[in-house]
A.B. asks: 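Structure provided below as structure tokens; questions to follow.
Numbers here are sequence positions counted from 1. Since the structure is predicted, the reported quantities are computational estimates derived from the model, not experimental observations. Atoms considered below: every heavy atom in the structure, side chains included; atoms not considered: hydrogens, waters and symmetry mates.
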Amino acid sequence: MQYEDLRIQIRPGQLNETARVTLLSESRSETEEPLGTDFVVDDIPEVMARLQDNLSSCMRAHFEATESAKQLAALRRQIAQSQHEWGLKLFDALVHGRVGDSFDLDWHAFVDQDHPKKKGLRVRLIFNPEHDEIAPLAALPWELMVRRKGGVEEALSQMRKATLVREIETHLPYPSASIEGPLRILVVVASPAGLYPIDAKKEIAAIREGLAASPWSTEVESLHLNAETPHQAVTLMGLRNRLLEGRFHGLHFIGHGGFSKEGGFGVLSFVGQQGQEVQESGKMVATYLKGLPDLRLVVLCSCSGATLPRQRGQNPFLNVAPALLAANIPAVVAMQLPISIAAASIFNNALYRSLGRAEPIDMAVNEARLALYAQREVSFEWATPTLLTRAKDCNIVRRDQAASERRPAAVQRPKTQHLGIRTFKGGWGAAMESRCKELYLDLSGAFDPSTKHRLIRDQSLWDNDILPRLSTFLADVDTERPVLVDLAAHNSIAFVVGSFFEAKSGLDITLRQRGHRRADAGKANTLPAHQDWSADEGEVPEDRLWHVEDILPGEGLGDGLVVDAEVKDIALAISITHDVRPGVVEYLRRKQMPVRRILAATVQPQPGQTGIVSGAHALRLAIDLSYRLGQRSVLERQGLIRLFAAAPSIFMVLLGQQAKTFGAVQLYEHDLESGLPWAYLPSILKIPPRWQEYQ
């Protein structure tokens, strides 16, 4: 079945409105109404906690036999009644007035009667995560919505002719979901020591059984991660490699997950080399799954993988499912609440049975929810599964049998672009024009040759000359081709390059990292003149991440810093090649520049010229640090990040790729020729285009 899209956007309200609802129909003009008044945003955390507690109580009562059959039936009825009331309340708040009139017209055309083109109605519920007041609304259980008209009640998430999907707005183009060739699913079971052991035999059997009835070719491979059977894919890098090698279209994760209500972030539990639990953040998981050419679907059978933040100011992309959506994975199925193993098995069987019939993923999820609802023992869990998708066409499998039997031919790798930028004429920058003939930018003329081109001729040139020239130059990069970034330039330039090719762009980037000294024949312990590092490759030593501390004004090392309760800015001191903390503190003291705190991140075990060992290590450090920056208070997020760093350019590029969520960043450069640790000068001020609109 094909579907007509009916887009419902929830946006910030006007004056005393909680929010506004905009309905965008493919066949009618746009309509808009304020959201119903039943919701007090600040009450949402309590509402969701109460709902979760009720479901958990019923789950425990059934599976631990803590209640009599009569008491359990009463508890189920109580939850069902609460879910029904919430379903009506959610729908009425969203769909009323002119929005309701337009909705009813499309519903009648595509659902109540047979459409001439045999189309159904796909309701896309869209949230904009940039607005603090919208984030808690996105956390509500919209899958419960019930439309009541003329005495007839219909749950949107239990139908075939109407479906409900969630979408979180990003700037990315809509991805394609359809695949050619056999539907290949990789099932990953992660059961680390110390957590409740996972026996996934029933779930895997349910997946295989569901796909067994398919007239199309399907393949299922399972990968078990636990202490008894260590495997090369216990790390995210190993998992990424397995997905690439096997050209899998679907990843089905069975394991433990968690969500912090206070922090608004989620994790998945993987397995370390010794069988121990290794918690990976949603952002980290998304980083390692993005850009895979065949991956179309991720199913997370772990608790709370789709839970969204319930408090104002929390970043909605910090849990696993939203982070995967932001990484442009076409479809993600995950749980917004805890789910039982029995419910997961029923859901999986019905989901893959529907996918095996080449039905769209939203229809498949609705069929699977209906299968849950039909089972009395787990019926209260029917609305726990959530579908997040930005795919225009939700058909994962095409109905072309011939195409389904073909393995896609290997894609010829396009020619790599060699991009070079220099501010230093000497050393590594000396022969750059011959290395980078296709894309080359020489900025050295803006710098004083008497200081080895380290000091700029005029401070205003950073923002008025260098930043515009960089933007124009980088706009010429072909984002469909891989790019080798070759820099002989200040760290501020590296950061801006990364921010231009942000992490969600999907651009295949390799960074040329200069060696610390040239290799000499016959001499041991020397490094090559350069190494080409990709963020997808190399070792990530778990003991060589960050030591992070807050240096507060008036305390310890921060004694003498300016204290101002109204200031919003923080300083970020990054120490990888050497320790910058004392110099940053002294600079701020001498300038009498107020900050709320200095966030000092020092690579472990200590800074040095080999503080970063690989591209994957640099990426892990950049993501970890961006995650910590994402935990700033609402007040701090309104201020500047004053960024001081002693770090390789590869790290600065990768950190810049994460910078979309940082807000405004003032970069600083150190005057190495001065010999003074506090000799810093401001360089580029990087402000997101729409940042000032919300100040």
A.B. asks: Heavy-atom distance under 4.5 Å between the side chains of Leu599 and Ile551, does that happen here?
C.D. replies: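 Side-chain contact under 4.5 Å: no.
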A.B. asks: Is there a side-chain contact between Arg512 and Val485 (heavy atoms, below 4.5 Å)?
C.D. replies: no
A.B. asks: Centroid separation under 6.0 Å, is that true for the rings of His490 and Trp462?
C.D. replies: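 Yes, the ring of Trp462 comes within the 6.0 Å limit of the ring of His490, centre to centre.
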A.B. asks: Go through Arg620 and Asp624 one step at a time and tell me if the salt bridge (Lys or Arg N to Asp or Glu O under 4.0 Å) criterion holds.
C.D. replies: CA-CA 6 Å; Arg620 179 62 180 266; Asp624 276 6; 3.5 Å; yes
A.B. asks: Indicate the atoms forming the closest heavy-atom contact of Asn319 with Gly305, along with that distance.
C.D. replies: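 Here Asn319 and Gly305 meet closest at ND2-O, 3.3 Å.
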A.B. asks: If you define the side chain from C-beta out and look only at heavy atoms, does anything of Leu325 sit under 4.5 Å from Phe317?
C.D. replies: no
A.B. asks: Side-chain donor-acceptor pair under 3.5 Å between Thr423 and His453, yes or no?
C.D. replies: no
A.B. asks: Can you list the steps and then say if Val267 with Val320 is a side-chain contact (heavy atoms from CB on, under 4.5 Å)?
C.D. replies: CA-CA 7 Å; Val267 297; Val320 187; 6.0 Å; no
A.B. asks: Rounded to the nearest 0.5 Å, how far does CG of Leu289 lie from CG of Leu236?
C.D. replies: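 Going from CG on Leu236 over to CG on Leu289, the span is 7.0 Å.
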A.B. asks: A cation-pi test, strictly: NZ or CZ of Arg454 under 6.0 Å from the centre of the six-membered ring of Phe424 and no more than 45 degrees from its axis. Yes or no?
C.D. replies: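 The answer is yes, since Arg454 meets both limits relative to Phe424.
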A.B. asks: Can you find a side-chain donor-acceptor pair between Ser269 and Glu277 that sits under 3.5 Å?
C.D. replies: yes
A.B. asks: Please determine whether side-chain contact (heavy atoms from CB on, under 4.5 Å) holds for the pair Ile574 and Trp546, giving the CA-CA distance in whole Å, both sets of side-chain angles, and the decisive distance to 0.1 Å.
C.D. replies: CA-CA 10 Å; Ile574 301 172; Trp546 294 115; 3.8 Å; yes
A.B. asks: Going through the distances and angles, do Tyr668 and Phe644 end up as a ring pair (Phe, Tyr, Trp, His ring centres under 6.0 Å)?
C.D. replies: CA-CA 6 Å; Tyr668 289 82; Phe644 305 81; 4.2 Å; yes
A.B. asks: Among Leu561, Val562, Val584, which residue satisfies the side-chain contact (heavy atoms from CB on, under 4.5 Å) criterion with Arg589?
C.D. replies: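 The residue from Leu561, Val562, Val584 that satisfies side-chain contact (heavy atoms from CB on, under 4.5 Å) with Arg589 turns out to be Leu561.
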A.B. asks: Nearest 0.5 angstrom please: Ile576 CD1 to Thr610 OG1, how far?
C.D. replies: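 If we round to the nearest 0.5 Å, Ile576:CD1 and Thr610:OG1 are 12.0 Å apart.
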A.B. asks: Check Leu487 against Ala494 and note the closest heavy-atom contact, atom names and distance.
C.D. replies: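 Heavy atoms of Leu487 and Ala494 come nearest at CD1-CB, 3.7 Å.
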A.B. asks: Can you list everything that forms a salt bridge (Lys or Arg N to Asp or Glu O under 4.0 Å) with Glu555? Sequence neighbours excluded, please.
C.D. replies: none
A.B. asks: Can any side-chain N or O of Ser614 pair as donor or acceptor with the backbone N or O of His617 at less than 3.5 Å?
C.D. replies: yes
A.B. asks: The test is side-chain contact (heavy atoms from CB on, under 4.5 Å); show your working for Phe501 and Val653 and say whether it passes.
C.D. replies: CA-CA 9 Å; Phe501 302 125; Val653 171; over 6 Å; no
A.B. asks: Identify, with sequence neighbours excluded, every residue that meets salt bridge (Lys or Arg N to Asp or Glu O under 4.0 Å) alongside Asp671.
C.D. replies: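 Here no residue qualifies.
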A.B. asks: Go through the steps to decide whether Ile329 and Leu295 satisfy the test side-chain contact (heavy atoms from CB on, under 4.5 Å), and finish with yes or no.
C.D. replies: CA-CA 7 Å; Ile329 290 174; Leu295 189 62; 4.0 Å; yes
A.B. asks: Keeping to residues at least two apart or across chains, list the salt bridge (charged side-chain N to carboxylate O under 4.0 Å, His left out) pairs with something in residues 643-657.
C.D. replies: none
A.B. asks: Pick out which of Ile598, Leu625, Val665 makes a side-chain contact (heavy atoms from CB on, under 4.5 Å) with Leu572.
C.D. replies: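 With Leu572 as partner, Ile598, Leu625, Val665 yield a single side-chain contact (heavy atoms from CB on, under 4.5 Å), made by Leu625.
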A.B. asks: Return yes if some donor-acceptor pair links the side-chain N/O of Arg11 with the main-chain N/O of Phe127 below 3.5 Å, else return no.
C.D. replies: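 Pair absent, no side-chain N/O of Arg11 close to backbone of Phe127.
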A.B. asks: Should the pair His670 and His578 be assigned to parallel (<30°), tilted (30 to 60°) or perpendicular (>60°) ring geometry?
C.D. replies: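 Aromatic pair His670/His578 classed tilted.
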A.B. asks: I'd like to know if Glu169 pairs up with Arg390 as an ion pair, taking the criterion as any Lys NZ or Arg NE/NH1/NH2 lying under 4.0 Å from an Asp or Glu carboxylate oxygen.
C.D. replies: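 Salt bridge: no.
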A.B. asks: Testing the basics here: between Thr287 and Arg240, what is the closest heavy-atom pair and its distance to 0.1 Å?
C.D. replies: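 Here Thr287 and Arg240 meet closest at O-NH1, 4.1 Å.
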A.B. asks: One thing to verify: whether Asp465 and Arg469 come together as a salt bridge, which I'm taking to mean a side-chain N less than 4.0 angstrom from a carboxylate O.
C.D. replies: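 Looking at Asp465 together with Arg469, the answer is yes, because their closest N to O distance falls below 4.0 Å.
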A.B. asks: Any side-chain donor-acceptor pair under 3.5 Å between Glu669 and Ser492?
C.D. replies: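 On atom types as modelled, these side chains qualify, holding a pair under 3.5 Å.
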A.B. asks: Minimum heavy-atom separation for Leu629 and Arg637, please, with both atom names.
C.D. replies: O-NH1, 3.9 Å
A.B. asks: Ring of Trp678, cation from Arg590 - is the NZ or CZ under 6.0 Å from the centre and inside 45° of the axis?
C.D. replies: yes
A.B. asks: Which heavy atom of Arg422 sits nearest to which heavy atom of Ala430, and what is that distance?
C.D. replies: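 Taking every non-hydrogen atom into account, NH1-O, 3.7 Å.
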A.B. asks: How about Glu566: does its CD atom have over 12 heavy atoms from other parts shown lying under 6.0 Å from it?
C.D. replies: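 At most 12 heavy atoms, drawn from other residues, nucleotides or ligands, come within 6.0 Å of this atom.
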A.B. asks: Would you kindly say whether Tyr440 and Arg435 are connected by a side-chain donor-acceptor distance under 3.5 Å?
C.D. replies: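 Per modelled atom types, Tyr440 and Arg435 side chains form no pair under 3.5 Å.
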A.B. asks: If every non-hydrogen atom of Leu685 is compared with every non-hydrogen atom of Asp463, which pair is closest and at what distance?
C.D. replies: N-OD1, 3.0 Å
A.B. asks: In the structure I gave you, are the side-chain heavy atoms of Asn491 and Phe495 within less than 4.5 Å of one another anywhere?
C.D. replies: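 No, their side chains stay 4.5 Å or more apart.
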A.B. asks: Return yes if a side-chain donor-acceptor contact under 3.5 Å exists between Ser499 and Lys660, otherwise no.
C.D. replies: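 No, Lys660 and Ser499 have no side-chain donor paired with an acceptor closer than 3.5 Å.
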A.B. asks: Find out whether Gln459 and Leu681 are in side-chain contact, i.e. whether some heavy atom of one side chain is under 4.5 Å from a heavy atom of the other.
C.D. replies: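 Gln459 reaches Leu681 side chain to side chain.
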A.B. asks: Applying side-chain hydrogen bond (donor to acceptor under 3.5 Å, both in side chains) between Asp569 and each of Arg597, Arg596, Arg642, report the one that passes.
C.D. replies: Arg642
A.B. asks: Using a strict threshold of under 4.0 Å (side-chain N to carboxylate O), is an ion pair present between Glu438 and Arg481?
C.D. replies: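 Salt bridge between Arg481 and Glu438, a charged N being under 4.0 Å from a carboxylate O: yes.
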